[in-house]
Amino acid sequence: GALGANPTRVRWRLIRWHHRRTHGELQPVDQISHVFSLSTALGLVMVAVYMRLLAAQGGGMSPSSRVLFAFGGFWPAAAPDAWRLVTASLLHVGLWHLAFNLLGLAVVGPQVEQRYGRLTMLFLFAATAVAGNLGSELFQPDVPTVGASGGLCGLIGVMAAVGQRAGTTGGRLIRNDMLRWFAFTIVFGFGIGANNYGHVFGALAGASFGYALSPRTWKLRPLAPLRAVTAIAG
């Protein structure tokens, strides 16, 4: 007050600054509003692709292996095409497979968009899906792979690492939520015989990015060219 400032306003600004220092910019999963985003658009693309697969085989509720392979399934032993590393992440073997990945994408995708930006989220999904498929090829080259869960685990890895690096109460809540999601994915994968190599390598790739580049660091001006490259790639 003696300096001509408004004491109440200064006090509230100090309280907000202390809250940001204590809790960071991270919030638990259930406090983030799920508005229309690229995560939603990506989910709609997956649904449209699934419907196209069913139409291609003339009906039914699950696309055949032949149709999955024809539309871009990743099977390095039969066709080591590089583009299949990406296209396989949009294909699903059944409604349960699609529904599980859509649920995970709805929970994790908007969080990555909120912190890193929409196009960065899309790039991270694709890049970690590729990493998951490459890891799968390394350990089981004879096994066909389809599904978004490698990229989804990549996004989970990003947010788990961001929460761990933040070291705040909010960060730990997010980290623990993501670890639970990942553990459930692995257990579910074992139960149905899914490709857990893809899940693990996707998560490791995402965690490496999230720990190396926090959301605040990612938005710094010197990284603008890198953000532009990832936006174009995404």
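For reference, positions follow the sequence shown, starting with 1. Scope of the values below: all heavy atoms of this structure, side chains included, with no hydrogens, waters or symmetry mates. In this text, all values refer to a predicted model and were calculated from it rather than measured experimentally.
- A search for side-chain contact (heavy atoms from CB on, under 4.5 Å) contacts involving Ala99 returns nothing, not counting sequence neighbours.
- Separating the CG atom in Leu105 from the OG1 atom in Thr40 is a distance of 7.5 Å, to the nearest 0.5 Å.
- Checked against side-chain contact (heavy atoms from CB on, under 4.5 Å), Phe69 has the following partners two or more places apart in sequence or in another chain: Trp75, Ala78, Ala79, Arg84.
- Residues Leu204 and Phe125 share a hydrophobic cluster, clusters being chains of Ile/Leu/Val/Met/Phe/Trp/Tyr side chains in contact below 4.5 Å.
- Side-chain atoms of Arg172 come within 3.5 Å of backbone atoms of Gly167 as a donor-acceptor pair (strictly under, hydrogens ignored).
- Two residues are said to be in side-chain contact when any heavy atoms from C-beta on lie closer than 4.5 Å; Gln57 and Leu54 meet this criterion.
- Summarising the geometry, atom CZ belonging to Arg66 is positioned 4.5 Å from atom OG belonging to Ser64; distances are rounded to the nearest 0.5 Å.
- Between atom CG of residue Leu98 and atom CG of residue Leu103 there is a gap of 11.0 Å, rounded to the nearest 0.5 Å.
- For the pair Val200 and Ile186, the minimum side-chain heavy-atom distance is below 4.5 Å.
- Residues Leu102 and Val47 form a side-chain contact, since some pair of their non-hydrogen atoms from C-beta on lies under 4.5 Å apart.
- Here the CG atom belonging to Asn101 is positioned 9.0 Å from the CH2 atom belonging to Trp96, to the nearest 0.5 angstrom.
- Atom CE of Met159 and atom CD of Gln111 lie 5.0 Å apart (nearest 0.5 Å).
- The closest side-chain heavy-atom distance from Val49 to Leu91 is below 4.5 Å.
- A pairwise comparison of heavy atoms in Tyr50 and Leu95 identifies OH-N, 3.2 Å as the closest pair.
- Pairs passing the salt bridge (charged side-chain N to carboxylate O under 4.0 Å, His left out) check and including a residue from residues 179-189, sequence neighbours excluded, read Asp177-Arg180.
- Sparse packing is recorded around OH of Tyr211, with 12 or fewer heavy atoms of other residues, nucleotides or ligands lying under 6.0 Å away.
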Apply side-chain contact (heavy atoms from CB on, under 4.5 Å) to residues Leu42 and Leu90 and explain how you reach the verdict. CA-CA 9 Å; Leu42 180 59; Leu90 301 176; 4.1 Å; yes
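- Between Thr87 and Asp81, every side-chain heavy-atom pair lies at or beyond the 4.5 Å cut-off.
- One hydrophobic cluster, built from ILVMFWY side chains closer than 4.5 Å, holds both Leu122 and Leu226.
- Aromatic ring orientation, Phe188 versus Phe184: parallel (interplanar angle below 30°, classes split at 30° and 60°).
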Working for side-chain contact (heavy atoms from CB on, under 4.5 Å), residues Leu53 and Leu68: CA-CA 7 Å; Leu53 294 177; Leu68 288 168; 3.8 Å; yes
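- Annotation for His92 and Pro63: closest pair O-CG, 3.3 Å, computed over non-hydrogen atoms.
- Counting heavy atoms from C-beta outward, Arg115 and Ile174 have side chains that approach closer than 4.5 Å.
- The backbone N or O of Tyr116 lies less than 3.5 Å from no partner atom in the side chain of Arg227, so there is not a single donor-acceptor pair.
- Closest non-hydrogen pair, Ala161 versus Ala207, comes out as CB-O, 3.3 Å.
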Donor-acceptor pairs under 3.5 Å, side chain of residues 140-155 to any protein atom, not counting sequence neighbours: which ones?
| from | atom 1 | to | atom 2 | distance (Å) |
| --- | --- | --- | --- | --- |
| Gln140 | NE2 | Ser136 | OG | 3.4 |
| Gln140 | NE2 | Asn195 | OD1 | 2.6 |
| Thr145 | OG1 | Asn195 | ND2 | 3.0 |
| Ser149 | OG | His199 | NE2 | 2.8 |

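- In this structure, the side chain of Thr128 engages the main chain of Leu124 through a donor-acceptor pair within 3.5 Å.
- The two residues Met46 and Ser89 make their nearest non-hydrogen contact at CE-O, 4.3 Å.
- A heavy-atom distance below 4.5 Å is found between the side chains of Leu119 and Leu38.
- The hydrophobic clustering, which links ILVMFWY residues whose side-chain heavy atoms are closer than 4.5 Å, places Val162 and Trp181 together.
- Between atom CD1 of residue Ile232 and atom CZ of residue Phe123 there is a gap of 11.5 Å, rounded to the nearest 0.5 Å.
- Listed by chain and residue number, Leu85, Val130, Glu137 satisfy the side-chain contact (heavy atoms from CB on, under 4.5 Å) test with Leu134 (two or more places apart in sequence, or in another chain).
- Each ring-ring contact (aromatic ring centres under 6.0 Å, His included) pair with one or both residues in residues 139-174, not counting sequence neighbours, appears once here: Phe139-Tyr197, Phe139-Phe201.
- Of all non-hydrogen atoms in Leu213 and Leu223, the two that sit nearest each other are CD2-CD1, 4.0 Å.
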